[in-house]
Amino acid sequence: MERIMVIGVSAGVGKSTFARRLGDHLNIEVYHLDTFYWRPGWVEAPLEDFISAQKEVVSHDKWIMEGNYSHSFNLRSELADTII
């Protein structure tokens, strides 16, 4: 199994780019937490929806999840094989 988290200290440091390249290299689907968190018009998704989307991803054998959202960090980190 390959379950990888890509985190960083701030926006614009290259998390998404790195995650995409890593996903291409390892042939693993990449999930960007921003796409789960933000709805059209920069409206925040309900926390339950945000958590539910992540639970769906972590149920897979392989994944790369990119993002920093601290209120769901434990959900991802407890199941990740690698944290970058």
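FYI, side chains are in, hydrogens and waters are out, and symmetry mates aren't considered; it's all heavy atoms of this structure. Model, not experiment: these values are computed from the prediction.
Here Glu2 contributes atom CD and Ile64 contributes atom CD1; the two are 8.0 Å apart, rounded to the nearest 0.5 Å. Of the inter-residue distances, the one linking Met5 atom CE with Glu78 atom CD reads 10.5 Å to the nearest 0.5 angstrom. Leu79 contributes atom CG, which lies 8.5 Å from atom CE of Met65 (distance to the nearest 0.5 angstrom).
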Verdict with reasoning, Glu29 to Val57, per side chain to side chain contact (heavy atoms under 4.5 Å, CB included): CA-CA 10 Å; Glu29 183 87 25; Val57 171; over 6 Å; no

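If you chain together hydrophobic residues whose side chains sit under 4.5 Å apart, Val58 and Phe73 fall into the same group. A single hydrophobic cluster is seen to contain both Trp38 and Ile51, as judged by linkage of ILVMFWY side chains at heavy-atom distances under 4.5 Å, directly or through other members.
Under the side-chain contact (heavy atoms from CB on, under 4.5 Å) criterion, Leu26 pairs with Ile4, Leu22, Ile28, not counting sequence neighbours. Legend: residues meeting side-chain contact (heavy atoms from CB on, under 4.5 Å) with Pro40, ordered by chain and number and at least two apart, are absent. Annotation: salt bridge (charged side-chain N to carboxylate O under 4.0 Å, His left out) contacts of Asp34 (sequence neighbours excluded): none. By the side chain to side chain donor-acceptor pair (under 3.5 Å) test, Ser72 is found to be paired with Gln54, Arg76, residues two or more places apart in sequence or in another chain being considered. With sequence neighbours excluded, no residue forms a side-chain contact (heavy atoms from CB on, under 4.5 Å) with Asn27. Judged as a side-chain contact (heavy atoms from CB on, under 4.5 Å), and not counting sequence neighbours, the contacts of Glu56 are Ser59, His60. Phe50 meets the ring pair (Phe, Tyr, Trp, His ring centres under 6.0 Å) test with Tyr37, Tyr69, His71; sequence neighbours excluded. Here Arg20 pairs with nothing under the salt bridge (charged side-chain N to carboxylate O under 4.0 Å, His left out) rule; sequence neighbours left out. Every residue two or more places apart in sequence or in another chain that forms a side chain to side chain donor-acceptor pair (under 3.5 Å) with Asp49 is listed here: Arg39.
Under the side-chain contact (heavy atoms from CB on, under 4.5 Å) rule, Phe18 has a single partner from Val13, Val30, Val6, which is Val6.
Distance alone, capped at 3.5 Å, is enough to place a donor-acceptor pair between the Asp81 side chain and the Arg3 backbone. Although no hydrogens or angles enter the test, the distance criterion places no donor-acceptor pair under 3.5 Å between the side chain of Thr17 and the main chain of Gly14.
Through side-chain heavy atoms spaced under 4.5 Å, either directly or across other Ile, Leu, Val, Met, Phe, Trp or Tyr residues, Val43 is tied to no other residue.
The two residues Asn68 and Gly8 make their nearest non-hydrogen contact at ND2-O, 2.6 Å. The shortest non-hydrogen separation linking Phe36 to Ala45 is O-CB, 3.5 Å.
Residue pairs meeting the salt bridge (Lys or Arg N to Asp or Glu O under 4.0 Å) criterion with at least one member in residues 64-73, sequence neighbours excluded, do not occur.
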